[in-house]
Amino acid sequence: ENATAVIDVYFHVIYANETLEAGFVTDESIKRQVEVLNGDYSSTGISFDLKNISRIQSEDWFLRVAPNSKGDETVRNGEASVLNVWTVGFMEGDGQGLLGYATFPADYEKDPLLDGVVLLHSTLPDVGKAPYNGGRTLTHESGHWFGLYHTFEGGCTGPNDYVDDTPPVKDAAYGCPSKRSTCPGGLTDDTTNFMDYTDDKCMTGFSEGQATRMRAQLRTFRGVDV
Ligand code: ARG
Ligand code: ZN
Ligand code: CA
């Protein structure tokens, strides 16, 4: 009854010049990144198929892409079901210091050309500095692109992340925390969840409820038969 959704992926490498620090990541790193995604999503019924890597030289875009601003050179492939990833530097301006950001499925129609993930180039596996060089920033951001919120969304009250089997969490966890219980009721926080803020090596899974939500969002907003 449950088909696996195969998500086509297009990478757009935005670079200032042809050095690694200026964003010129290798095809090998991108292939390795897609392997990380496929491993991390192996329990969800979602898999990824790398279709193409394009390269765009633009120093301004590399340095200063701002969250949700559209560069003149915006390029995007495919329909709502297709994942586009732009790798950039987030060196200056509003986006300075970000690891990445993503658009949500329900927002696709607002501006289809902006749909996708904008990712710090040095978060690709083995490219940048620990603790964010395991490729899990894209695991996390694509979780948003599939409609997941952070596990700490809304704090201890309300609908939190709209997923029943993830316990409420008061605020983000960083590093590699040992057992944490931040909300009343004695539940243990899921600090190894991909949708928290811990180090790459310490985030290990999505819950079943998160997988169910991602598939439902794919059906409802991205037209995927899953
Ligand atoms: N802070 C970023 C966000 O909210 C991503 C965090 C990714 N964490 C990581 N260990 N790679 O979308
Ligand atoms: Zn996030
Ligand atoms: Ca929850």
Side-chain angles (χ1 to χ4, degrees), residues 25 29-30 32-37 39-41 44 65-68 83-90 94-107 114-177 180-214 216-217:
V25 293
S29 312
I30 291 171
R32 177 79 196 104
Q33 173 68 76
V34 176
E35 285 172 18
V36 170
L37 285 180
D40 287 351
Y41 280 82
T44 64
V65 64
N68 304 318
L83 175 59
N84 284 254
V85 180
W86 293 270
T87 62
V88 300
F90 290 130
D94 286 350
Q96 188 176 355
L98 284 181
L99 295 173
Y101 67 88
T103 56
F104 280 76
D107 293 336
L114 289 185
D115 182 75
V117 172
V118 182
L119 186 71
L120 178 64
H121 67 99
S122 61
T123 65
L124 293 180
D126 311 322
V127 173
K129 278 203 219 86
Y132 301 120
N133 61 345
R136 285 184 162 151
T137 301
L138 189 54
T139 301
H140 175 109
E141 298 306 330
S142 53
H144 291 312
W145 188 79
F146 292 126
L148 295 185
Y149 295 102
H150 296 132
T151 48
F152 50 87
E153 183 77 22
C156 295
T157 55
N160 309 106
D161 62 354
Y162 298 90
V163 173
D164 286 342
D165 66 356
T166 52
V169 174
K170 186 157 176 261
D171 48 23
Y174 293 90
C176 289
R180 204 171 175 253
S181 178
T182 54
C183 288
L187 290 171
T188 302
D189 298 3
D190 181 8
T191 49
T192 59
N193 197 286
F194 290 132
M195 299 314 290
D196 204 333
Y197 275 1
T198 58
D199 291 352
D200 278 14
K201 66 175 190 309
C202 299
M203 32 173 69
T204 52
F206 292 113
S207 74
E208 245 179 78
Q210 286 175 318
T212 302
R213 178 178 168 85
M214 288 193 276
Q217 294 260 313

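Indexing begins at 1, ligand by ligand and atom by atom, following the structure's order. It should be emphasised that the depicted structure is a prediction, and the values quoted were computed from it without experimental measurement.
Scanning the protein for heavy atoms near atom 2 (C) of ligand 1, the closest one is E141 OE2, 3.6 Å. The nearest protein atom to atom 4 (O) of ligand 1, hydrogens excluded, is given as Y197 OH, 2.7 Å; this is a heavy-atom distance. At the shortest separation from atom 9 (C) of ligand 1 among protein heavy atoms lies D200 OD1, 3.2 Å.
Heavy-atom neighbours of E208 CD from other residues, nucleotides or ligands within 6.0 Å: at or below the threshold of 12.
The distance cut-off of 3.0 Å around the Ca ion (ligand 3) captures these protein N, O or S atoms, sorted by chain and number: D161 OD1, V163 O, T166 O, T166 OG1. Excluding water, every protein N/O/S atom under 2.8 Å from the Zn ion (ligand 2) is given here by residue and atom: H140 NE2, H144 NE2, H150 NE2.
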Could you give me the CA-CA distance, side-chain angles and deciding distance for T151 and D190, then say whether side-chain hydrogen bond (donor to acceptor under 3.5 Å, both in side chains) is met? CA-CA 8 Å; T151 48; D190 181 8; over 6 Å; no

Show the numbers, then the answer: is there a side-chain hydrogen bond (donor to acceptor under 3.5 Å, both in side chains) between Q210 and N193? CA-CA 10 Å; Q210 286 175 318; N193 197 286; 2.9 Å; yes

The test is side-chain hydrogen bond (donor to acceptor under 3.5 Å, both in side chains); show your working for Y132 and S122 and say whether it passes. CA-CA 8 Å; Y132 301 120; S122 61; over 6 Å; no

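Judged by distance alone, with hydrogens and angles left aside, the side-chain atoms of T87 form no donor-acceptor pair with the main-chain N or O of H121 at under 3.5 Å. Judged purely by atom type and a 3.5 angstrom limit, Y101 has no side-chain atom pairing as donor or acceptor with the backbone of G95. Although no hydrogens or angles enter the test, the distance criterion places no donor-acceptor pair under 3.5 Å between the side chain of Y149 and the main chain of V163.
For ligand 1 and H140, the ligand atoms under 4.0 Å from any heavy atom of the residue are 3 (C), 4 (O), 5 (C), 12 (O). If you number the atoms of ligand 1 from 1 as listed, the ones under 4.0 Å from a heavy atom of Y132 come out as 9 (C), 10 (N), 11 (N). Annotation for ligand 1: atoms under 4.0 Å from non-hydrogen atoms of H150 are 4 (O).
The shortest N/O to N/O separation between D199 and ligand 1 does not fall below 3.5 Å. The shortest N/O to N/O separation between T137 and ligand 1 falls below 3.5 Å.
Shortest non-hydrogen contact noted between G116 and T103 is N-OG1, 2.9 Å.
Between F146 and F104, a ring centre-to-centre spacing not shorter than 6.0 Å is recorded. Here the two rings, on H150 and Y197, have centers that are under 6.0 Å apart.
Here T198 has backbone heavy atoms under 4.0 Å from ligand 1, and that is the only part of it that gets that close.
Partners of D199 by side chain to side chain donor-acceptor pair (under 3.5 Å), not counting sequence neighbours: none found.
Residues D189 and R180 are paired through a salt bridge, judged by an N-O separation under 4.0 Å between the basic side chain and the carboxylate.
Proximity of M214 to F206: side-chain heavy atoms (C-beta onward) are separated by under 4.5 Å at one or more points.
Residue pairs meeting the side-chain hydrogen bond (donor to acceptor under 3.5 Å, both in side chains) criterion with at least one partner in residues 153-164, sequence neighbours excluded, are D161-T166.
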